[in-house]
Amino acid sequence: MSSTPTTSPAQSPSSATFISASIGKKVLMAFSGIVALSFVVGHMLGNLQIFLGQERLNAYGESLQSLGAGLWVIRISLLLFFALHIWMGVKLKAENLKARPVRYKFNETVKASISSRTMIWSGTTILAFFVYHILHFTARTTDPRFLQLPLDMAGNYDIYSMIILGFENPVNAAVYIIAVGLLCTHISHGIYSMFQSLGLTSPSCNKTLHRFAHAVALILFLGFSAVPVGVITGALKLPKNPPSNNHLQSAQSLEPISIESGGES
Amino acid sequence: MNITLHVWRQKDANDPGAMEVYTAKDVSADSSFLEMLDMVNEDLAQKGIDPIHFDHDCREGICGMCSLVINGVPHGPQAATTACQLHMRSFKDGDAIYIEPFRARAFPVLKDTIVDRTAFDRIMQAGGFISVNTGGAPDANAIPIPKTAADKAMDAAACIGCGACVAACKNGSAMLFVGAKVTQFANLPQGQSEKAARAKAMVAQMDLEGFGNCSNYSECEAVCPKEIKVEVIARMNREFLGATVKSSS
Ligand code: HEM
Ligand code: FES
């Protein structure tokens, strides 16, 4: 009754390890993308607390700082996932360019969206922006005023005033909004793409998934730009009274900070 | 109508090749695209010029041999139509038409617009089949197949293996083709026993041939003459992931 087939699809070339496989790379891309995306969503929710007032935002910042070593664990894991995402992204792009050595004279696109075709460019631009953004607001090396800010009433670092000072410079605000826009085009294709890479799409839900991806990207764009727009339009202002610091003798100046004296960087 | 043709001419695989310009005069709107080329070729032959080489066989949209990129779109401007089923009424008098071969590293040009698509054959040999014993044909309907599964398998099996998906993909990726084949078998009871090995072997061969990766542009779906949907790629990814997890546990 039984007999063995002479050929079987089991004879796969030995080079077929997960990472070297086209689909393996895309799966790593999708997983690292999910991590990056969760960070982005969390970051937006954190930022929006600026609309709840100075005290609330600064307390949120302090709660993150108080994680201590935990914060560094989070930072380093994020960095590793980003490194994986960038590594795979660049590798995929290099292979894709090699797969069509002679280009078409008449180049046409029927369906592929602009965001899908510019993933590597939106990706590298946001990467450059991240570096600046971290130097600006996390390391605070680009604006001397940020290191001289007095602590707030609760004795926390005054993130609230830092952000307002930062975005009062319209160039900073514009660069931020453009970078967030690019991030959101990346995400609008990225969300659809990662479901597809992980094999989680079906003809019946495809349209909904595209809509969902665009909606998330739009919400993220509005959520992130709300802060610089709030500052530029004056909806978010520096606190009227200088923090009293009555219960905490700060080594820093007690004088109200002056916007003019800092010098734009 | 009169048409200006810009056609890729390349003597052989080693020739760098270039675009040449020809005119097609008094073309009937009712002639097919390939008939228009036949007429141009007769004209060229009379002038002692080597005719334009292009692949074709059935000329009725079922064999997958025709393989022209017309104005940057594999199989031309009409959706769900092979180049052989495209008619000149899709163009108008005075149009300029660019005709190029399918472009991909894995599809080297042999001559003019004819490319070597044996990479697809090798992918099929790696796993695009089921192993059955020969002998008397089994009873029809001996194996029950749910209608939905049969429909899904049939949709995927509509693939004629022309390679337009590769030609259209910005990355020269063959995932729509391989996805269609994997999906076709994965939906049928006959495909189950070799399912995991198939997904891995076909993907490995696809990578080996030098096709690009999928960036989910969906450009392949837009040009596929048989309207294969990108969800077959998702299915292949799922099968590949499942097979990888299974073999490592
Ligand atoms: C917070 C930042 C980022 C987020 C949320 C993000 C998210 C994503 C997601 C979800 C995908 C889809 C993955 C898939 O197709 O399975 C993706 C793809 C991609 N990302 Fe990012 N990404 C970010 C930053 C970057 C950076 C810095 C680069 C720099 C090179 C980059 C390059 C790419 C490329 C090239 C692709 C497309 C890969 C392909 O399909 O061929 N991304 N990204
Ligand atoms: S020649 Fe057979 S499909 Fe076009």
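Sequence lines set the chain letters: A, B, ... in the order given, protein chains first and strands last, and positions in each chain run from 1. Side chains are part of it too, since the values below use all heavy atoms of this structure and drop only hydrogens, waters and symmetry mates.
The contact list for residues 175-189 of chain B toward chain A, using heavy atoms and a distance under 4.5 Å, reads B/Met175 by residue number. Within residues 26-48 of chain A, the residues approaching chain B closer than 4.5 Å by heavy atoms are, in numerical order, A/Lys26, A/Val27. Interface with chain A: from residues 67-75 of chain B, residues B/Val69, B/Asn71, B/Gly72, B/Val73 qualify, criterion being any non-hydrogen pair under 4.5 Å. Contacts of residues 175-199 of chain A with chain B at a heavy-atom distance below 4.5 Å involve A/His189, A/Tyr192, A/Ser193, A/Gln196, A/Ser197, A/Leu198, A/Gly199, listed in sequence order.
Within the 4.5 angstrom heavy-atom criterion, only side-chain atoms of B/Glu221, from C-beta onward, approach chain A. Heavy-atom distances place the backbone of B/Pro101, and not its side chain, under 4.5 Å from chain A. For B/Ile233, the parts lying under 4.5 angstrom from a heavy atom of chain A are both the backbone and the side chain.
Note on A/Leu97, A/Asn206, A/Leu200, A/Asn107: by heavy-atom pairs under 4.5 Å with chain B, the leading option is A/Asn206. Taking chain B as the reference chain and counting heavy-atom pairs below 4.5 Å, the highest number among A/Gly24, A/Pro101, A/Ala112 is found for A/Ala112.
At least one side-chain heavy atom of B/Val203 sits less than 4.5 Å from a side-chain heavy atom of A/Ser22. In this structure, A/Tyr104 and B/Trp8 have side chains that are not in contact, with every pair of non-hydrogen atoms separated by 4.5 Å or more.
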| request: Output, in order, the C-alpha distance, side-chain angles, deciding distance and verdict of side-chain contact (heavy atoms from CB on, under 4.5 Å) for B/Asn171 and A/Arg100. | output: CA-CA 7 Å; B/Asn171 301 345; A/Arg100 172 155 303 136; over 6 Å; no
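Taking each heavy atom of B/Asp207 and A/Ser20 in turn, the nearest pair found is OD2-O, 4.2 Å. In terms of heavy-atom proximity, A/Thr109 sits nearest to B/Lys170 at OG1-NZ, 2.7 Å.
Judged by distance alone, with hydrogens and angles left aside, the side-chain atoms of A/Asn96 form a donor-acceptor pair with the main-chain N or O of B/Asn213 at under 3.5 Å. Judged purely by atom type and a 3.5 angstrom limit, B/Arg235 has no side-chain atom pairing as donor or acceptor with the backbone of A/Ser202. Judged purely by atom type and a 3.5 angstrom limit, A/Glu95 has no side-chain atom pairing as donor or acceptor with the backbone of B/Gly212.
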